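So the structure is just underneath, and the comments pick up after that.
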Number of protein chains: 2
Amino acid sequence: MMVRRLLTKLLLRPEDVSPSRDDFEVVGVFNPGVARVDGEVVLLVRVVERPVERRPGFTGLPRWDASGGLIVDWIPDQQLDAIDARVVKRRDDGLVRLTFTSHLRLVRCGDGRAVREVSGPLFLPEAESEEYGVEDPRITPLGDRFYVTYVAVSRHGPATALASTTDFRTFERHGIIFCPENKDVVLFPEPIGDSYWALHRPVCGTPFTRPEMWIARSPDVMHWGGHLPLAVSGEEWRSGRVGGGAPPIRVPEGWLVIYHGNRQPARPGDVGAYYGGALLLDSNDPTRVMGRMAEPFLTPELDFEVAGFVPNVVFPTGIVRDGESLLVYYGAADACTAVAEFSERELLDAVAACPG
Amino acid sequence: MMVRRLLTKLLLRPEDVSPSRDDFEVVGVFNPGVARVDGEVVLLVRVVERPVERRPGFTGLPRWDASGGLIVDWIPDQQLDAIDARVVKRRDDGLVRLTFTSHLRLVRCGDGRAVREVSGPLFLPEAESEEYGVEDPRITPLGDRFYVTYVAVSRHGPATALASTTDFRTFERHGIIFCPENKDVVLFPEPIGDSYWALHRPVCGTPFTRPEMWIARSPDVMHWGGHLPLAVSGEEWRSGRVGGGAPPIRVPEGWLVIYHGNRQPARPGDVGAYYGGALLLDSNDPTRVMGRMAEPFLTPELDFEVAGFVPNVVFPTGIVRDGESLLVYYGAADACTAVAEFSERELLDAVAACPG
């Protein structure tokens, strides 16, 4: 069953955003968390920057230092192997570093289809566990607060931390809720039964599995247990890895989950294309997959999706309902932020057509 | 400061234990959880077995099937690469399987220095998440129950699950409390402040770090958050990985933690030697390391420690107090179970001598 985009709008490119410092350049503004706040669609968007300076024979690796702010470690090139545009590996111990650092900014989008205002750096790394950056926020309203899950990257690996806010001006930090390596954590927007629920995406050091989506429950959003893998392996477009995308939304049939799949790359070192997929989970027992689209509904095909910092990536991270439409916000090619509009009914019919 | 073994007793060898089925052979009986129950020292010991049959050109990989019990997948050798004695990798997709399966049995040890009785298979895999085995139990008394953390290994990776018992005859399962890849989870034996606490050992898929020990807190032992890395990297004997060993015990100076360190192997595929080390954590804030022995107090040196299924491994997993002594139970060479006796005072003095 075919699901067509009704509209696609490129919202933000790297050149639309100034760096946090003059000696840095913005290489990406993507993977936005999304919420409707006082009637307006707002994004928390990940801004990726790196040093402008090039020192022949050296690679500059940025990190946030608790005392000194943003600093750059200049490492001789012969000590490093480039893995891809994002990651280098030290030859002596095989450990990796990122070539960039990330922080978050607020973007006000009116009805959700155009950018009205972009803030300065708003949510910055502030602990050793965030020294390589804060990445890929997802926003879920729960009670009278907005909860933001985000990736905290450091020498200890990529973990998922939690913050909350009422006004998107100040944030309360709640620490790491999913230990390394875990990304793509999305919270369900209401308790189900006597628990809060989250999807998460642990990555094993020992390759027993490709990265899979898991589900967990919590009494308080801070502490998580009851971990179970969600049964969604399968087609080639998601043969490499799958992970949560936008926080689930309640639909008549259950919970609609927008997630990403990644095609297993042909060669080690390749990243492989990323797609957007859709799942339906049971209304009262979200560990049960009730439907899934066999094909992705979002595929890299536009210029800014097939070319960029990492080519061929569409990476949905937020969703808002707008009448009979769903606005799906996504990162494109690890460089830009865009929104695609879909008919909610068309998407739901396509998901329900293929039982889990 | 030198810490000497006062006594070492080899308690169990593979040949002391019969397999769960006639067509299997026991290759290891090691890594015991330990508790004092009604005055007697009891162990829950991991029994590792594999098929006896050899089919030329094939490797037999055992697993527990929810309906069929223990079954063997016979895989053509040309589809597999051997990683080490424990692990094979499929050539087509790079994913791994274990060459054996594990279950748990109860061992009654009287005063702790000799085996009185070994049960038959007591705690067996029973879910898909345990299909490759249940491994490496650690036992902590909390309230009127004994809590057992154990590794559940499956196609989804090695995770840590929780069970509890009052009598070591029947167990209640509480599901996965630390998602893959996470092993070496030990619970503190009482709440500290308003939380329960655990040490755990996540392993990242992306090599930002060598495997490290983390600490987490819980309102109920079932749900965990507030994850923080514990600062204990350093000397070469623990350059490869570190992980919790025995559940912490309360001492006048704080919490004594017996853990393991692994020397970073010289070549990929080597396992590298394992040692026992000791840490002291703050009494009221166990995230703070107050002391640590620079050198291991337990080193593979006896015959059954330097040779076995995996050579040069001492892997402490349980501890009981016996007057002024500490009895440290450990797996030797991934084959045998042994106990080493130490003076508690000598060990504590050595830990306190080297501030964290």
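Here is the naming used below: chain letters follow the sequence lines, and residue numbers restart at 1 for every chain. Note that this is a predicted model, so its numbers are computed, not measured.
Listed in order of number, the residues of residues 146-158 of chain A that approach chain B to under 4.5 Å between heavy atoms are A/V153, A/S154, A/R155, A/H156, A/G157, A/P158.
When heavy atoms are compared at a cutoff of 4.5 Å, B/W224 approaches chain A by way of both its backbone and its side chain. Both the backbone and the side chain of A/P180 come within contact range of chain B, with heavy atoms under 4.5 Å apart. Contact annotation for A/T206: both backbone and side-chain heavy atoms come within less than 4.5 Å of a heavy atom of chain B. Contacts of A/H174 with chain B are absent, with no heavy-atom separation under 4.5 Å from either backbone or side chain. The contact between B/I177 and chain A is made entirely by backbone atoms, counting heavy-atom distances below 4.5 Å.
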Stepwise side chain to side chain contact (heavy atoms under 4.5 Å, CB included) test for A/D93 and B/R210: CA-CA 9 Å; A/D93 60 10; B/R210 303 261 167 263; 3.7 Å; yes
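Taking both residues in full, the closest heavy atoms of B/L98 and A/F208 are given as CD2-CZ, 3.8 Å, listed atom of the first, atom of the second, then distance. Heavy atoms only, all atoms of each residue included: A/H223 and B/G225 are closest at CD2-N, 3.5 Å. Nearest heavy-atom pair, B/P219 versus A/P219, reported as atom, atom and distance to 0.1 Å: CG-CG, 4.4 Å.
Ranked by heavy-atom pairs under 4.5 Å with chain A, the first of B/C204, B/G175, B/A159 is B/C204. The candidate from B/L162, B/L95, B/L228, B/V203 with the greatest count of non-hydrogen atom pairs under 4.5 Å with chain A is B/L95.
Listed by first and then second residue, the salt bridge (charged side-chain N to carboxylate O under 4.0 Å, His left out) pairs involving residues 187-200 of chain A are A/E190-A/R250, A/D194-A/R217 (not counting sequence neighbours).
A/T209 contributes atom OG1, which lies 11.5 Å from atom CD of B/E181 (distance to the nearest 0.5 angstrom).
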